[in-house]
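What follows is a set of notes on a single structure, which appears directly below.
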There are 2 protein chains.
Amino acid sequence: MEANEIIHQTVRLKIMSALNTANEAMEFTRLKSLSGATDGNLGSHLNTLEGAGYVTVEKDFVGKKPRTRVTITKAGKQAFARHVAYLRDVLEGASTGDAS
Amino acid sequence: MEANEIIHQTVRLKIMSALNTANEAMEFTRLKSLSGATDGNLGSHLNTLEGAGYVTVEKDFVGKKPRTRVTITKAGKQAFARHVAYLRDVLEGASTGDAS
DNA sequence: TAGAGAACTCTGTGTTGCAGAGTTTATATT
DNA sequence: AATATAAACTCTGCAACACAGAGTTCTCTA
């Protein structure tokens, strides 16, 4: 089993976990305070996740304020679940892994 | 709670987890096959971990062959346990964290 | 008109991770 | 004696990354 380096990165791991748990769209602002990232940084991480097909990003306006909402995709959920399984494996020494 | 970036890196996470589980010295060669890292890379990761005080590295000779053995320290065990707790927190959405 | 907030994009800097080459020491092989 | 092999490195690039911070667009509010 292999680590998913896209998901493993700490900021993205927080984002993916939050989205996975929420199971519904979350706002940019929410993710920002949750992850502690700056605007630019968060935008870039979301681009990475979107590029991987793990999240979708929708922009609309509420009244006149822009709103960006992020939702985890099916592929994202699967990749996340797989990575969590990988972590469990590694952390519990469950892998008897001798790759030699 | 904060991520431990030293431990979080995938190769080092594997190493720390293996050492923590083994609870005794492990050989360089073993860690190499286990982590999949190249010689140089593994050496450098071990330096990082040693520099952080998470492992001790002992060199000796068995017969005439050099042997490097790596052992997790008390501080290493603590840091590892804390990071695992952090991961559990993040992964289970246990942190209601709003850092705003 | 002057802020303020949302959600960026862009640029620059510093840090990493990694492969691969070269090094040391010692044994085994021819 | 010469060669090869193994262990465990160090060193040198290179490419990717994370991050801060500045600048931008749009709109509302004071």
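Letters A, B, ... are given to chains in the order of the sequence lines, protein chains preceding strands, and every chain is numbered from 1. The figures that follow rest on heavy atoms only: side chains count, while hydrogens, waters and symmetry mates do not.
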Any A:Thr38 side-chain nitrogen or oxygen under 4.0 Å from OP1 or OP2 of D:dA20: yes

Heavy-atom side-chain proximity of B:Glu50 to B:Asn47 below 4.5 angstrom: yes

Got a list of protein N/O to nucleotides 11-16 of chain D N/O distances below 3.5 Å?
none

Sugar-phosphate only, base, or nothing, as touched by B:Asn47 at under 4.0 Å among non-hydrogen atoms: sugar-phosphate

Distance, nearest 0.5 Å, that separates CG of A:Leu91 from OG1 of B:Thr21: 8.5 Å

First-last contacting nucleotides on DNA chain C - partner chain B, under 4.0 angstrom, heavy atom: C:dG17 to C:dT27

d(CZ, B:Phe28; P, D:dC9) in whole Å: 5 Å

CG-CZ distance between B:Leu46 and B:Arg12, expressed to the nearest 0.5 angstrom: 10.5 Å

Euclidean distance, A:Leu49 CG relative to A:Ile7 CD1, rounded to 0.5 Å: 7.5 Å

5′-ward residue of the pair B:Pro66/A:Gly43 relative to DNA chain C: A:Gly43

Partner residues of B:His45 under the ring-ring contact (aromatic ring centres under 6.0 Å, His included) criterion, sequence neighbours left out: none

Nearest-angstrom distance from the residue atom CG of B:Leu31 to P of D:dA7: 13 Å

Sub-4.5 Å side-chain heavy-atom contact between A:Phe28 and A:Leu42: yes

d(CD, B:Glu27; P, D:dC9) in whole Å: 12 Å

Sugar-phosphate, base or nothing in reach of A:Ser44, heavy atoms under 4.0 Å: nothing

Closest non-hydrogen atom pair, B:Ile6 against B:Tyr54: CG2-CE1, 3.9 Å

Presence of A:His45 side-chain N/O under 4.0 Å of D:dC19 phosphate oxygens OP1/OP2: yes

Contacts of type salt bridge (charged side-chain N to carboxylate O under 4.0 Å, His left out), residue A:Lys14, not counting sequence neighbours: none

Nearest-nucleotide comparison on DNA chain D, the residue closer to the 5′ end among A:Phe61 and A:Ala37: A:Ala37

DNA chain C contacts made by residues 1-24 of chain A, counting heavy atoms under 4.0 Å: none

Output field: ring centroids B:Phe80/B:His83 closer than 6.0 Å: no

Whole-Å gap separating C1' (D:dC17) and CG (A:Leu49): 14 Å

Heavy-atom neighbours of A:Glu5 CD exceed 12 at 6.0 Å: yes

Spacing between A:Leu42 atom CG and D:dG21 atom P, to the nearest angstrom: 16 Å

All side chain to side chain donor-acceptor pair (under 3.5 Å) counterparts of B:Arg82, not counting sequence neighbours: none

